[in-house]
> 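A single structure is presented below for examination.
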Amino acid sequence: MSNESGGRLWSPVSGGRRELAVALCGLLLTLALPAAQAQQALTWDQVRAKFEASNPALKADADNVDEMKAEEITAYFRPNPQFSITADSVQIAPHDGVWQPLKGADAQPGLSYLHERDHKRELRLESAQEGTRITQSEHEDLERNMVFTLRAAFVGTLQAKFVLDFAKADLEYYDHIIEISRDRFKAGDLAQIDLDRIELLRVQYESEVQTAIVNLRTAKIQLLQLLNDRTPVDQFDVAGPYDFSDSLKPLDSYRDAALAARPDLQAALQTIQQSQTNHQLAISNGSTDPTFGAWYTYNSSNNNPNGIQTAGLSVSIPLRIFDRNQGEKQRTLIDIDRSQLASEAARAQVFSDVDTAYELVRSNIALLKPYKEKYNDQALRVRDTVTYAYEHGGASLMDFLNAQSDYRQVQLAYAQLIGAYLTAAGQLNLAVGSDAIQ
């Protein structure tokens, strides 16, 4: 609708279209937000939290702890009382032509109960509780090893991203050199054969980019498998510092931390306690447990003519002449020695793991320091200097290619060393049983 001066007037149709357009824009933004959030890079803390919440193997092992907790209830059960009923004085055959089978019969309901002595229930409960603590420590040890695997996959993804970014930057830099070489060729300052060699060498850079893309996608797939995540690879990403720290505490501090935190060592020490409790339980099971009984009768036949309703008591005591649980006592005593030896072996393994991982970290730091302080800058400076000289005809093609190759080798070696350091740091955390190095 238009007015007489030719201007546009508001109409319900045009206003409705604007409102519809605004609504559609809002809907598109709403749908775009989850996709944007799904592509947000996850940090190490987020990856670890997601792993602990969703990994099926870890969750299945956690159920073992709950099962052991349920067995504590069974271990503390009292023996069930026994109910019995007995029929007596039933005539089974006629006598003098008279057969009245139930005339003098009486029923005797009774109860009996086995009384456990020497704290058998308490010892069973204590052994079950110690078994739960052992299972919990073993679950923590499984988590410790799986987190190391997760950390290695996370570091591998960061390294693949670093290498891919470097390969892309290298290709972009080389394309710049190709443009300069073409300008020199047009100016008659470069032979056709040299230009062809430079352009043919680009396929190597393209191949490195594609290889880096495949390696990155493969690393992401492995990480997604550990997370039990079905997110498409293109929508999944991680982020974190890809660098090293040269600060390293003394070896003894890591040893002490490992002795206090390693769950496998804790499980070995807890096994000694359970073995001692099981030995006490075996001794207790060798004691005699009496059975108390009581019964009631009606219409009883006895020497008391007035004893129509009677009650009786009994005590049954087994004579433990042959079976005094000797074998179980001896077995649990031997098991104490075995558990003590196993704990010493676990302690020695802790020291070995910490020392080995510590040396790996120290060695990687020693290799990385000169790269960060000198080699990286030198390789960059040599490449830029030779490239500048090549651009202005002051360096040969071979000099340029050698300088470019040396720069790439130094940078790739530095990236691999950082990955090795981060993996070694994760191995030291695995050996200590805690995040000794962030």
> Any chance you could measure Glu72, atom CD, to Leu125, atom CG, to the nearest 0.5 Å?
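These two atoms lie 6.5 Å from each other.
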> So, are Asp256 and Lys249 salt-bridged, with charged N and O less than 4.0 Å apart?
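Lys249 and Asp256: not salt-bridged.
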> Check whether any side-chain heavy atom of Phe400 lies under 4.5 Å from a side-chain heavy atom of Ile177, and answer yes or no.
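Touching, per the 4.5 Å side-chain cut-off.
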> Would you call Leu216 and Val163 a side-chain contact if the rule is heavy atoms closer than 4.5 Å?
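No. Closest side-chain heavy atoms not under 4.5 Å.
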> Indicate whether any N or O donor in one side chain lies under 3.5 Å from an N or O acceptor in the other, for Asp229 and Thr231.
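A donor-acceptor contact under 3.5 Å links the two side chains.
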> Gln274 pairs by side-chain contact (heavy atoms from CB on, under 4.5 Å) with which of Ile134, Asp335, Ile336, Thr332?
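Testing each of Ile134, Asp335, Ile336, Thr332 against Gln274, the sole residue satisfying side-chain contact (heavy atoms from CB on, under 4.5 Å) is Ile134.
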> Quick one: does NZ or CZ of Arg124 land under 6.0 Å from the six-membered ring centre of Phe77, within 45 degrees of the ring axis?
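Checked: cation-pi criterion not met.
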> Taking Asp141 first and then Arg262, would you say they form a salt bridge - that is, a charged N and a carboxylate O separated by under 4.0 Å?
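Salt bridge flag = no for Arg262 with Asp141.
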> Could you check whether any side-chain heavy atom of Ser275 comes within less than 4.5 Å of a side-chain heavy atom of Gln340, counting everything from C-beta outward?
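They are not in contact (no side-chain heavy atoms under 4.5 Å apart), so the answer is no.
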> List the steps and the verdict of side chain to side chain donor-acceptor pair (under 3.5 Å) for Tyr173 and Thr387.
CA-CA 11 Å; Tyr173 182 86; Thr387 300; 2.9 Å; yes
> Ignoring hydrogens, what is the shortest heavy-atom contact between Gln270 and Ser137? Give both atom names and the distance.
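Looking at all heavy atoms of both residues, the closest pair is OE1-OG, 2.9 Å.
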> Which heavy-atom pair separates Leu265 from Ala346 by the least distance, and what is that distance?
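What the structure gives for the nearest pair is CD1-CB, 4.0 Å.
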> Does Lys372 qualify as a cation-pi partner of Phe244, given the criterion of NZ or CZ under 6.0 Å from the six-membered ring centre and within 45 degrees of its axis?
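Cation-pi check for Lys372 and Phe244: passes.
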> Determine whether Leu111 and Phe292 make a side-chain contact, defined as any pair of heavy atoms from C-beta on separated by less than 4.5 Å.
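Heavy-atom side-chain distance check fails, nothing below 4.5 Å.
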> Nearest heavy-atom pair of Leu158 and Gly240: which atoms, and what distance?
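Where Leu158 meets Gly240 most closely, the heavy atoms are CD2-N, 3.8 Å.
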> Is it the case that over 12 heavy atoms from other parts of the model lie below 6.0 angstrom from the CZ atom of Phe166?
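Atom CZ in Phe166 is packed in, count exceeds 12.
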> Taking the ring centre of each residue, are Tyr254 and Tyr358 less than 6.0 Å apart?
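So the answer is yes for these two rings.
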> Given side chains that start at C-beta, do those of Glu140 and Gln266 come closer than 4.5 Å, heavy atoms only?
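No, their side chains stay 4.5 Å or more apart.
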> Identify the two heavy atoms, one from Ile437 and one from Tyr421, that lie closest to each other, and give their separation to 0.1 Å.
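Nearest pair, atom of Ile437 first, then Tyr421: CG2-OH, 4.0 Å.
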> Within the 4.5 Å heavy-atom criterion, are Glu328 and Asn285 side-chain neighbours or not?
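No, side chains not in contact.
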> Salt-bridged, Asp406 to Arg383, with N to O below 4.0 Å?
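Answer for the salt bridge query: no.
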> Please report the closest heavy-atom contact between Asn325 and Ala282, naming both atoms and the distance.
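Looking at all heavy atoms of both residues, the shortest contact is ND2-O, 2.9 Å.
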> I'd like to know if Lys168 and Asp165 make a salt bridge, using a cut-off of under 4.0 Å between side-chain N and carboxylate O.
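No, Lys168 and Asp165 are not salt-bridged.
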> Identify whether NZ of Lys or CZ of Arg in Arg78 sits under 6.0 Å from the centre of the six-membered ring of Tyr113 and within 45° of that ring's axis.
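The answer is no, since Arg78 fails at least one limit relative to Tyr113.
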> Does Arg408 reach the side chain of Asp170, with side-chain heavy atoms less than 4.5 Å apart?
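Yes, their side chains come closer than 4.5 Å.
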> Indicate whether the side chain of Thr135 and that of Asn64 have a donor and an acceptor atom separated by less than 3.5 Å.
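Asn64 and Thr135 do not have a side-chain donor-acceptor pair below 3.5 Å.
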> Hey, is CD on Gln378 packed in by over 12 heavy atoms from elsewhere, all under 6.0 Å?
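Above 12, so yes.
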> Heavy atoms only: give me the nearest Leu150-Leu226 pair and the separation to one decimal.
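Nearest heavy atoms, Leu150 then Leu226: CA-CD1, 3.8 Å.
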> Is it the case that the side chains of Ser316 and Thr291 hold a donor-acceptor pair, with the cut-off being a distance below 3.5 Å and no angle test?
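The answer is no; no qualifying pair exists.
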> So, do Val214 and Arg217 sit near enough that their side-chain heavy atoms are less than 4.5 Å apart?
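SC-SC contact between Val214 and Arg217 ruled out.
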> Classify the side-chain pair Ser54/Lys59 by whether it contains a donor and acceptor separated by less than 3.5 Å.
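Side chains of Ser54 and Lys59: no pair found under 3.5 Å.
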> Taking atom NZ of Lys69 as the centre, does the number of heavy atoms from other residues, nucleotides or ligands within less than 6.0 Å exceed 12?
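Counting neighbours around NZ of Lys69, 12 or fewer heavy atoms of other residues, nucleotides or ligands fall under 6.0 Å, so no.
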> Under 3.5 Å, is there a donor-acceptor pair between the Gln349 and Asp353 side chains?
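Gln349 vs Asp353: donor-acceptor pair found between side chains.
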